[in-house]
Amino acid sequence: MKISYVELSGFRGYRTKVRIDFADEFTVIDGRNGVGKSTIFDAVEFALTGHLSKYRDAKASGESVSDYIWWSGEERTDTRYVEIGIKGNESETIVRRTPFVEPSKKDIEELEDKLVDLSRAPKNPLQELCSVSIIRDEHIASLSLDLKETERYKLLRQAIGANDSEFWVERGKALASAAKTKREDAARDIENATARLAAAQKRIDESRRALASDSVISAALTRVSDLLDEQIGLENGASKARSGIAESRSQIEKLEELLNLSSETAEAANSKKEYEAALSSNTAELRKLEAEIEDLPEIESDHSHDEVAERARRLISLVEAGKSLGLQDNRCPVCFDKHTKESFANGLESVQALALQLDQTASELASAIEHRRDIEDRAQQKKQEVGRIADSIELAEKFVASFEEACLGMGFATAATQEEIEGRLIKLSKTVEDLSQSLRVLETASLNTELGRSERSASEASEEVHRAQERFSRARRSEEIATSLKEASVRAASETLDLRLERVLPLMSELYKRLRPHPIWQDIDYSIRGDVRRFLSLQVGDGKNPQFIFSSGQRRATGIAFLLSVHLSIAWNKLNSILLDDPVQHVDDFRAVNLAEVFAQLVSSGRQVICAVEDPALADMLCRRLPVRTQTSSIRYRLGRNQDGTAGVKSQEQLRPLIVDAFSEQQEGLVS
C-alpha cells in the first residue's frame, strides 16, 4: 500500500483546493519556510487519525490546535476538507474528513485492516503508524538522542511489533497480584479469628471470676423484694431491680426539682405578705386622693384662663396706646368720643383697673386648674401602683399553689417543708444504692448462660483460626507459583524481544554507517539492558554517549538513522510509504549526499519516499541522486505563496529517466 495523493481545501494555510499527486517511487517537495510543506504531512496524518500529534495537548489562552486546523482567515472558503488516496495492487482507498463529517467506525476498521497487521499491531495502530512513518523535523532529535532510554526502548518495541509479550507479562502480574491479595486476606482472617478467640477466652475468665454463691443471690432477691414491696423471683429479679433503680432515680430528679422549688416558694410567700401590706397602704392613699378630688370646688368660667389672660394683655396694650396717643382734637383715639383731659385720664384708669382684675382672675383660674391636675395625676399613679401590687400578689399565690400541687403529686399530704423533701431524697438514694448492689449480684446469675455462649464462641473461633491458617498456607503457595509465572513471563518476553532485536539492531548500525554522521566514530552500538525495566542506550567509541559529544548536525544524522531503522523494523506495517519533513537541517552536504543514497536504496527496495526540503539546491540534488526509472515514478513540487498570501503549488515537474544508450549511439555515429 502506498499513498497516491493528498487533496486539501480550507485546511490550515491552504484556503483554496490543492492536490498533490505522489509518485510511486519518490516525490520531492521544496519551498521556503511557511509555504505549507509541513501542512502536506499534517493533512496525511489528520486524514488517517483525525488529529495532529506534533502539537500534543498544547493549549494557550484557552485555545488549542483544534481551533486552528481549518482555514480561519478573513477571506471565506467554500469548502473545508482533507482527502488522501491509498493505492494497493488492485484498488484505491479514499479517506476524507471535513469539519462536520468523519469516516465511520467501519471505514476506519477496514482502513486499519489494509494498512496494518492487526494481530501484531499496538493499540491505536493508525496513530502509531503515523508516528513512525512521518519523520518530522522537530522529532528527529527529540525522538532519538534526546529521548529517554526507557522511552526509546518502548518506541522500538512498538515498532517491531513486540507488544504481544506485554499481554502475558500483565497476565502474570495480575495473577501475582490476585494471589498476594488472597494471601493478605487470609492473613487478616487469621488475625481477626485470633482476636475473636482471645475475646471469647477473656469473657470466659471474667464470667468465672464474677460468679456469686447461691446464698448471696438469695439474699439479694430478698432485699429487692423488700425494697420494691413485691415478690421477686430469680428469673425476673435483675429486670425488676433495673426498673426499680430507674423509677427511684426518676423520683430523685423530681424531688431535687421540688427542693429547689420549695425555697423559691418560701420567698414568694414572704413577698406576698410584703405586697399585701403595700397594697393596704397604697389603697388608703388612693382613697384619700379621690376624696380630695371630690372636695375641690368646681371651676366656673365661660373662658379658659388663657383667654382671660389674653384679654387683660390687650386692655393693657390699649391703655398704653391711649397714653401714648393722648386726645385727638378732644376726642378719644379709640372710641372717638369727646373727653376732657380728666375724663380721658379717668377712663384710662378704669380700663387699666379692669385689665388688672382680669389678669388676677386668669392667674387664680390657672392655679385652680393646675392644683386639680396635680391631684388627679397622683391619684392615677397610685391606682397603677395598686394594680401592679395586686398582680404581684396574684402571681405569688399561683406560685404557692403550683408548689402545693407538686407536693400532692409526689405523695405529700400538704405543702412539704425542705426537711421533709430532703428526708425522702435520702431514703430514695439509699434504695438506689441497695438495688444497685443487689443487681450486680443478680446479674452474676446470668453468667452461667453467658459462660456457655463464650465457650461455644471460643470453640468456633478456634476452628475458624484453623481454617484461616489452611487458607493462608494455600494462598502463600499460590502466590509463590504466580510470582514464578510472572517472573517467567517477564524473562520470556525479554528473551523474545531480544531475539527480534538481534535482527533490528544490525539494521540501525548499518544505516548509521551509511549516513556516516561522524568522521571518527563511524560505528554505533545499540544495546539493551535491564530485566524488568528495559533501556535502549546508544554508544560510540569506548562507551561514549553521543548525546553529549555530537554536534547538532551529527546528532540529527544519528537521529535519522535511528528513526529510519525504527520505520523499517515495523513488523505489522503494510504501508510502504515513508514521509520526511525537512530531515536535513544542520546536515552538511556530505551527509546530505549519504542520506540521498539511503533514500535511493529505499526506493530501489520498493519503498515510496516523500521528502520535503527548504533548499531548492538540495531538492535538485535529491532529484539527481534518486533513481528515476519510469515516466511516472518521480515528481517534484515547488510550493509558494499566492497573491492573496495563501499557500499553493507554484510548479510541478514530472522527472524523466536518463537515456541509457545515449553515449553508445553517439559512438556508433562517429565510427561510421
Review point. Do Trp70 and Thr77 pass the side chain to side chain contact (heavy atoms under 4.5 Å, CB included) test, and can you show the C-alpha distance, the side-chain angles, and the key distance before you say yes or no?
Key: CA-CA 10 Å; Trp70 302 104; Thr77 180; over 6 Å; no
Exercise for review: Please step through side chain to side chain contact (heavy atoms under 4.5 Å, CB included) for the pair Ile108 and Leu126, ending with a clear verdict.
Suggested key: CA-CA 9 Å; Ile108 293 297; Leu126 294 182; 4.2 Å; yes
**Study point:** salt bridge (charged side-chain N to carboxylate O under 4.0 Å, His left out) evaluation trace for Lys180 with Glu479
**Key:** CA-CA 6 Å; Lys180 180 181 178 182; Glu479 183 183 15; 6.0 Å; no
Exercise for review: Go through the steps for Lys240 and Glu230 under the test salt bridge (charged side-chain N to carboxylate O under 4.0 Å, His left out), then give the verdict.
Suggested key: CA-CA 10 Å; Lys240 289 290 186 179; Glu230 62 176 302; 3.7 Å; yes
Exercise for review: List the steps and the verdict of salt bridge (charged side-chain N to carboxylate O under 4.0 Å, His left out) for Glu385 and Arg388.
Suggested key: CA-CA 5 Å; Glu385 181 67 20; Arg388 285 194 295 271; 2.5 Å; yes
Check your understanding: Passes salt bridge (charged side-chain N to carboxylate O under 4.0 Å, His left out), Arg188 versus Glu191? Steps please.
Key -> CA-CA 5 Å; Arg188 281 193 294 269; Glu191 183 179 353; over 6 Å; no
Practice item. Begin with the C-alpha distance, continue with both residues' side-chain angles, and end with the deciding distance and a verdict on side-chain hydrogen bond (donor to acceptor under 3.5 Å, both in side chains) for Gln418 and Glu422. Key: CA-CA 6 Å; Gln418 289 189 358; Glu422 289 173 351; over 6 Å; no
Practice item. May I have the step-by-step check of side chain to side chain contact (heavy atoms under 4.5 Å, CB included) for Phe472 and Asp189, ending in yes or no? Key: CA-CA 9 Å; Phe472 177 79; Asp189 291 343; over 6 Å; no
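Between the CG atom of Leu197 and the NE2 atom of His466 there is a distance of 13.5 Å, given to the nearest 0.5 Å. One distance of note links CD1 of Ile190 with CG of Asp185; it measures 11.5 Å at 0.5 Å rounding. The CG atom of Leu425 sits 11.0 Å away from the CD atom of Glu253 when rounded to the nearest 0.5 Å. The structure places CG of Asp377 at 9.0 Å from CZ of Arg373, a figure rounded to the nearest 0.5 Å. Rounding to the nearest 0.5 Å gives a distance of 8.5 Å between CZ of Phe399 and CD of Glu267. To the nearest 0.5 angstrom, Ile393 atom CD1 is 13.0 Å from Lys273 atom NZ.
Side-chain atoms of Ser131 come within 3.5 Å of backbone N or O of Glu128 as a donor-acceptor pair. Distance alone, capped at 3.5 Å, places no donor-acceptor pair between the Asp374 side chain and the Glu370 backbone. Judged by distance alone, with hydrogens and angles left aside, the side-chain atoms of Ser438 form a donor-acceptor pair with the main-chain N or O of Asp434 at under 3.5 Å. A distance-only check finds a donor-acceptor pair linking the side chain of Asn260 to the backbone of Glu256 [under 3.5 Å]. Glu420 contributes a side-chain N or O that, together with a main-chain N or O of Thr417, makes up a donor-acceptor pair within less than 3.5 Å. No donor-acceptor pair closer than 3.5 Å links the side chain of Ser280 to the backbone N or O of Ala277. Using a distance-only test at 3.5 Å, with no hydrogens or angles considered, a donor-acceptor pair links the side chain of Thr283 to the main chain of Leu279. Arg97 contributes a side-chain N or O that, together with a main-chain N or O of Phe46, makes up a donor-acceptor pair within less than 3.5 Å.
Contact annotation: the side chain of Leu261 approaches that of Glu264 to within less than 4.5 Å [non-hydrogen atoms, C-beta and beyond]. Within the 4.5 Å cutoff, side-chain heavy atoms of Met410 are placed close to those of Gln251. Using a 4.5 Å cut-off on side-chain heavy atoms (C-beta onward), Arg12 and Leu52 make contact. Contact annotation: the side chain of Val400 never approaches that of Lys272 to less than 4.5 Å [non-hydrogen atoms, C-beta and beyond]. In this structure the side chain of Leu435 reaches within 4.5 angstrom of the side chain of Leu228, judged on heavy atoms. Side chains of Asp391 and Leu395 form no contact here, defined as non-hydrogen atoms less than 4.5 Å apart. Counting only heavy atoms from C-beta outward, the side chains of Arg249 and Ile245 approach each other to under 4.5 Å. Contact check for Lys427 versus Lys430: no side-chain heavy atoms found under the 4.5 Å cut-off.
The 12-atom threshold is not exceeded at CD of Glu405, counting heavy atoms of other residues, nucleotides or ligands nearer than 6.0 Å. Heavy atoms of other residues, nucleotides or ligands lying less than 6.0 angstrom from CD of Gln231 number 12 at most. Counting heavy-atom neighbours within 6.0 Å of Arg287 CZ, excluding the residue itself, gives a total of 12 or less.
A donor-acceptor contact closer than 3.5 angstrom is absent between the side chains of Glu376 and Gln380. Inspection of the Ser473 and Arg477 side chains reveals an N or O donor paired with an N or O acceptor under 3.5 Å. A donor atom on one side chain and an acceptor atom on the other are found under 3.5 Å apart for Ser343 and Thr340.
Ring centroids of Trp71 and Phe11 are separated by 6.0 Å or more, keeping the two rings apart.
Residue Ala396 comes nearest to Ala268 through the heavy atom pair CB-O, 3.7 Å, listed as atom of the first residue, atom of the second, then distance.
Geometrically, Arg80 does not engage Phe100 in a cation-pi contact defined by less than 6.0 Å to the ring centre and at most 45° from the axis.
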